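Just so we're clear, the structure is a prediction, and the values are computed from it rather than from any experiment. When a ligand or atom number is given, it counts from 1 through the structure's own listing order.
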Amino acid sequence: MAEEIKNPIEANNFIEDIIEEELKEGGRCYGKKVHTRFPPEPNGYLHIGHVKALCIDFGMAEKYKGICNLRMDDTNPAKEDDEFVRAIQDDIHWLGFDWDDRFYYASDYFEKMYELAVGLIKKGLAYVCELTPEQVRENRGDLTHPAVSPYRDRPMEESLDLFARMRAGEFEDGKMTLRAKIDLASGNFNMRDPVIYRIHHAEHHRQGNKWCIYPMYDFAHPIEDMLEDITHSLCSLEFEDHRPLYNWVRDNVDYDTNPRQIEFARLGINYTVLSKRKLRQLVEENYVAGWDDPRMPTLCGLRRRGYTPASVRNFVDRIGVAKVPNTVEIALLEHCLREDLNENATRAMAVLRPIKLTITNYPEDKTETFETDNNPTKENGGTHTITFSRNLYIERDDFMEEPIKGYFRFFPGNEVRLKSAYVVRCTGCVKDDAGNVTEVLAEYDPETRGGNTPDGRRVKGTVHWVDANTALDAEVRLYSSLFTDPDPDASGKDFIACLNPESLETLQNCKLEAFLGESKLGDSFQFMRLGYFTQDVDSKPGNLIFNRSVSLKDSFKK
Ligand code: ATP
Ligand code: MG
């Protein structure tokens, strides 16, 4: 990755404090390598929230010269798919993280998990319960009454036999479960003899029909961590109440490693949703063009929109790591992108809503060229050539026949600078029968080549333009936020009703300066006065399509 990743947060976060304490002599991890994991469920694409987890998981490993595994948490057969596995890998590599040869599937541990569950039964720490899911719920008790299961004290041999027959497929879904025998009266309901295996006759994306019982997350996850000898199992805050169960499993199954779960606050961003279920619904019900629609907060969407890995990682660095849930402004994410592109994007000119500008005193058959800076923020940013002729395009709203107060662009009699070319004086316009302006007329001053006025006279307005003789036609897509409501993700809210009907504006027949035809997918450009743009994946020579990544105007309040 070419871009340098900045880390403005120098102070330790609370996870770093814990890790450093544990690495000291006498600490839990003394003499060990820090070993983390990123465990996505392959049932959707990664989104910007996952980047926070990724930066913490891979970041902690990097910082302490440890390692980080990539593990597909595929213990739930429903909705898992190899398409998602590949996309997750691509996205993580795009961000600049690498798991080396440590790529795992939790489903590869099913046999071992089964064996450890049998071990719990043998120790009298698990039993087969024949309450249906509804009955388990009805019998879970409340703060003053313990949960009840009539099967809790059945003989261990009976549970062993039933569990083996559950695996063999003798029973239908929901008929029975395996439950950990912990504490029916616990104030933490997760500890009231939680279900650790359920019957589910479903095909698994890798195991096929080998299994019809599947471990529950709270049982599977600590075992996955133990088998991989993870030292720090970092996860988001909703797992905090599950930590006692994580520890119980870790301490009671017959396996001898000692991972520790630490929770951090989930990332929320305003004007978007960050739940895979909701993102999936947007895709499946065609509210967006796919998981990689440039309006989506998915990594593939952000990438298609023109986000860079550096901008996304800087964003996550800036919001920091804490335990307090926080919703971050989308404006900060955009600010980070602008900051990166301001430094790195090539400057170009494009006219999105064109009107003809004719330089009436410029010869018909003449063309001249100008060199313009690719990037004035860089010392050796290079230049490229633009052509100038009698027939140009400017933006429609850069002309007003009767100017409003403070308008310094084209109106009859006014002098305007055509960026990098000449100062011209507007002499009028041409209209069609309906009275619409179809062409703006101007005369250039040959003494002002490069846009300078040798006599020092002031020219207030500078506008961008494109030479009609060499311009390329393109489609340009402008985006605004997918939702009009700042918090569409709030529980209980109908997020579909919060969709912004104007989140995509498609412009046809835009005019681009010629060298943009040679640009590649992934190149970023600043179109002067309009924002930052990048080619869309659907763009082809002869059918160019550009996405606006972000506008120039920064709404982030520092
Ligand atoms: P969703 O709730 O959208 O389905 P998830 O948490 O189920 O997301 P996983 O694939 O299980 O998605 O997530 C992998 C890792 O990413 C987990 O460790 C999870 O804690 C973390 N993660 C997911 N969403 C966020 C978020 N918004 N902020 C921080 N971490 C997150
Ligand atoms: Mg999850």
Side-chain angles (χ1 to χ4, degrees), residues 13 15 36-61 68-76 78-81 83-89 91-92 95 97 99 104-107 205 216-218 220-222 224-225 228 230 232-243 246 259-284 291 296-302 312-313 315-328 330 332-333 487-491 495:
N13 64 47
I15 298 177
T36 58
R37 86 288 171 263
F38 177 68
E41 207 176 328
N43 62 351
Y45 284 70
L46 297 183
H47 54 63
I48 183 82
H50 291 115
V51 180
K52 178 171 180 184
L54 276 162
C55 287
I56 294 174
D57 294 329
F58 280 94
M60 290 303 101
C68 180
N69 296 356
L70 175 58
R71 179 202 307 151
M72 294 300 134
D73 205 340
D74 60 349
T75 55
N76 180 356
K79 300 202 197 98
E80 288 168 357
D81 199 308
E83 173 201 345
F84 297 129
V85 173
R86 273 189 303 277
I88 289 169
Q89 292 178 321
D91 285 345
I92 297 174
L95 270 179
F97 295 120
W99 52 91
Y104 303 107
Y105 286 99
S107 57
H205 76 128
M216 303 301 285
Y217 179 91
D218 285 333
H221 206 80
E224 294 157 23
D225 288 342
E228 293 175 18
I230 299 301
H232 296 88
S233 182
L234 310 171
C235 63
S236 39
L237 209 54
E238 70 269 26
F239 296 105
E240 192 173 32
D241 289 344
H242 298 247
R243 186 175 357 111
Y246 182 99
R260 170 174 177 180
Q261 174 179 307
I262 303 172
E263 310 86 19
F264 55 84
R266 269 178 107 79
L267 167 63
I269 300 187
N270 65 5
Y271 293 100
T272 193
V273 295
L274 289 184
S275 122
K276 275 188 282 195
R277 183 185 63 77
K278 291 177 185 168
L279 295 174
R280 178 198 298 272
Q281 192 179 339
L282 292 174
V283 174
E284 284 175 356
W291 287 96
M296 292 280 273
T298 50
L299 284 186
C300 51
L302 291 169
V312 173
R313 287 178 64 170
F315 167 71
V316 167
D317 277 343
R318 281 195 197 183
I319 59 179
V321 178
K323 253 189 181 307
V324 193
N326 56 345
T327 298
V328 179
I330 186 99
L332 176 60
L333 179 61
D487 190 13
D489 224 353
S491 63
F495 75 106

Chi angles and distances behind the side-chain hydrogen bond (donor to acceptor under 3.5 Å, both in side chains) call for E224, Y217: CA-CA 10 Å; E224 294 157 23; Y217 179 91; over 6 Å; no
Residues Y45, K276; criterion side chain to side chain contact (heavy atoms under 4.5 Å, CB included); working and verdict: CA-CA 8 Å; Y45 284 70; K276 275 188 282 195; over 6 Å; no
Salt bridge (charged side-chain N to carboxylate O under 4.0 Å, His left out) evaluation trace for E228 with R37: CA-CA 9 Å; E228 293 175 18; R37 86 288 171 263; over 6 Å; no
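Between H50 and ligand 1, a contact under 3.5 Å exists for at least one N or O pair. Of the N or O atoms in S275, none lie within a sub-3.5 Å distance of an N or O in ligand 1. When only interatomic distances are considered, the shortest N/O to N/O separation between A265 and ligand 1 does not fall below 3.5 Å. For a threshold of 3.5 Å applied to N or O pairs, the pair formed by R37 and ligand 1 contains no separation below that value. Here's the thing with L267: one of its N/O atoms is less than 3.5 angstrom from an N/O atom of ligand 1.
Put simply, the residue from D91, I88, I92 that forms a side chain to side chain contact (heavy atoms under 4.5 Å, CB included) with L299 is D91.
Here atom 1 (P) of ligand 1 lies nearest to K276 when heavy atoms of M72, K278, K276 are compared. Evaluated by nearest non-hydrogen atom to atom 6 (O) of ligand 1, the leading choice among E41, H221, R266, H47 is R266.
Distances from ligand 1 to the non-hydrogen atoms of L274 include at least one value under 4.0 Å. In this structure, R277 does not count as a contact residue of ligand 1, since none of its heavy atoms falls inside 4.0 Å of the ligand.
Residues L54 and V316 fail the side-chain proximity criterion, which asks for heavy atoms closer than 4.5 Å. Looking only at side-chain heavy atoms (C-beta outward), F264 and N13 stay at 4.5 Å or farther from each other.
For S107, the side chain to side chain donor-acceptor pair (under 3.5 Å) partners at least two apart in sequence or on another chain are D74.
The minimum heavy-atom distance between F495 and P488, with the atom names listed, is CB-O, 3.2 Å.
Proximity to A53 (heavy-atom distance under 4.0 Å) selects the following atoms of ligand 1: 16 (O), 21 (C), 30 (N). Of all atoms in ligand 1, numbered sequentially from 1 with element shown, those under 4.0 Å from a heavy atom of P40 are 10 (O), 14 (C). Atoms of ligand 1 found under 4.0 Å from any heavy atom of F38, numbered from 1 in the order shown, are 15 (C), 16 (O).
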